[in-house]
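These notes are about the structure you will find just below.
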Amino acid sequence: MPGHLKKILDFVAKESILKKTSLARMSLLVGEDVSRVTEETPDDPAREEKYIGAAQKILGLEMWDLTL
Amino acid sequence: MKRLLELFKVTWPGFLVALLLALFANFVHLSTRLANFFIDPLYLAFILGLWVRWTLGEKFILWPGFALTQDLFIPIGIILYGTQVHWENLSTSTLQPFLIPLVLALILYYVILVTPAKKLKISKEGSLLIWASCGLLGPLAVVLLASTLEASDEDISFSMILAFFVTTIMLILSPMLQAHFPVDPLTLGTLSTLSLPFLSPFNPITQGVPGAIAAAGLLFGLKVAMLAPVAFGIYLGHRFRKGHSGGFPLFLILTFFAVSILFSFVPSLSFARDNYEPVTKFILTLALTGVGLSTNLRTLFADRMKAVFFYFVLALIASVTVYFTGLLTLHFLHTN
């Protein structure tokens, strides 16, 4: 089922005070324009791992407990 | 502290670019004759931002700084703009001639620009921004409503580009229309503010006609005063539609409103109002530079080419319709 990457991005935006800055940092960390990710973007475990790592760094999270 | 330092490290390159562009836009505005036309530093900075982003392409290293410019300076700019609202000048007797034409214009803009949005695959948020941009106050309305609606950079930029396009075309059309349908200064001022969303009351149409500048100034003041109530209404609608909405937009609207009331009715503050104007303008210029720098024009035009074309036509139809409706309404009101 697609949508995992979008779910990660929505989580980052929801948990951030500076939403646009956090999403731009996601683009910088994962090396791609995350604004192109939609609900229909297919799931990809390798990309998900990269996205989760970047999200953890931006949000300062030790643990990742968002269920995808 | 560590996270703040980390934030600084990733945002300073982009922020520096945005700051330099905003300063350059102000410099160009002050040192050339652009001020004599209607090219505001706000819009110049936005266009420069769009161009730099287009030229640079995907330089991810700069993006966090571009985004931070928006995240920080849009809210600060909105709150500071509250200092420029003149509630004390608005009285029922002075505003009476403008109320009906303004309400009619807003309804017409809504019907023509918001109703077909779904068919043209433009989001509700995007169409409301277009409505605010063309019908209310160009970039100022967009900045306030974009925060309320949590709109995308592409939606913000598209609505600004449309309002600028309409203003430019109407600036050319208005003198031709006036040649065929001569109007008195009050009507001229009202029509210029209703159909030229990007212009201040002092513009090439009203230039040299004191009565028109005065009328345009009053209507402009009314539009500025309407920003907070309109934003609040749209916030409620957005919350109702989406089922949730952050508390920050509401905080922003209420603070903008509170500042506008304080600076209108507390004498010591209203005396100091003029000191805030250059700062407010520069902060808003910086915020719009950030919007321009964060907008990917390739995405904007590639994803919705059909909608972009139709919206250019619709916005123009809306403006011409508003012009003639305003003309007829004012003629009817004067003769009765």
Side-chain angles (χ1 to χ4, degrees), chain A, chain B residues 1-15 18 53 56-76 123 146-147 150-157 242 244-249 251 287 290-291 293-300 302-303:
Chain A
M1 214 175 76
H4 282 184
L5 295 176
K6 180 79 172 107
K7 216 170 165 183
I8 297 169
L9 294 175
D10 288 345
F11 180 72
V12 172
K14 196 176 145 231
E15 295 297 312
S16 306
I17 298 170
L18 303 167
K19 292 181 197 309
K20 291 183 187 222
T21 310
S22 295
L23 292 175
R25 287 181 72 190
M26 283 290 289
S27 290
L28 176 65
L29 289 169
V30 300
E32 60 182 54
D33 183 357
V34 299
S35 69
R36 289 188 191 147
V37 172
T38 64
E39 301 281 358
E40 280 73 44
T41 307
D43 294 340
D44 174 347
R47 275 175 86 191
E48 272 171 43
E49 206 176 308
K50 241 173 34 172
Y51 273 56
I52 290 173
Q56 274 183 293
K57 194 172 177 197
I58 291 164
L59 300 174
L61 298 174
E62 299 278 322
M63 296 283 288
W64 182 259
D65 56 3
L66 177 74
T67 317
L68 295 172
Chain B
M1 191 65 199
K2 194 183 155 204
R3 286 185 68 192
L4 263 180
L5 203 67
E6 204 177 308
L7 184 70
F8 174 77
K9 268 188 199 165
V10 291
T11 52
W12 79 263
F15 180 71
R53 171 62 187 265
L56 289 176
E58 297 196 331
K59 288 272 185 292
F60 296 128
I61 184 86
L62 297 171
W63 288 14
F66 295 166
L68 184 76
T69 314
Q70 284 189 73
D71 276 339
L72 277 184
F73 293 101
I74 286 184
I76 297 173
S123 65
S147 308
E150 293 167 328
S152 72
D153 300 327
E154 278 70 30
D155 281 339
I156 300 173
S157 294
K242 297 269 173 177
H244 65 88
S245 193
F248 188 63
F251 164 78
V291 174
L293 285 168
S294 302
T295 303
N296 189 344
L297 279 179
R298 287 182 181 92
T299 315
L300 172 66
D303 292 354

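So that the names make sense, note that chain A is the first sequence line, chain B the second, and so on, each numbered from 1. Everything numeric here is computed off the predicted structure, so don't read it as measured data.
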Item to complete: Starting at OG of Ser22(A), measure out to CG of Leu68(B) and round the result to the nearest 0.5 Å.
Response: 10.0 Å

Worksheet item: Should we say atom NZ of Lys19(A) is surrounded by more than 12 heavy atoms from elsewhere, each under 6.0 Å from it?
Response: yes

Discussion item. Which heavy atom of Arg25(A) sits nearest to which heavy atom of Leu7(B), and what is that distance?
Written reply: NH1-CD1, 4.0 Å

Worksheet item: Pick from Asp153(B), Asn296(B), Leu62(B), Thr69(B): which one has the most heavy-atom pairs with chain A under 4.5 Å?
Response: Asp153(B)

Worksheet item: Does any heavy atom of chain B fall under 4.5 Å from the side chain of Ile58(A), the backbone, both, or neither of them?
Response: backbone

Practice prompt. Side chain from CB out, backbone as N, CA, C, O: work out which of these in Lys14(A) comes under 4.5 Å of a heavy atom of chain B, or both, or neither.
Written response: neither

Practice prompt. Evaluate the side-chain proximity of Phe248(B) to Ile17(A): yes if any heavy-atom separation is below 4.5 Å, no if none is.
Written response: no

Response to the item:
Shortest non-hydrogen pair, Leu28(A) vs Pro64(B), comes out as CD2-CG, 4.0 Å

Worksheet, complete the sentence: Interatomic distance, CG@Asp33(A) vs CZ@Phe60(B), rounded to 0.5 Å, equals 6.0 Å

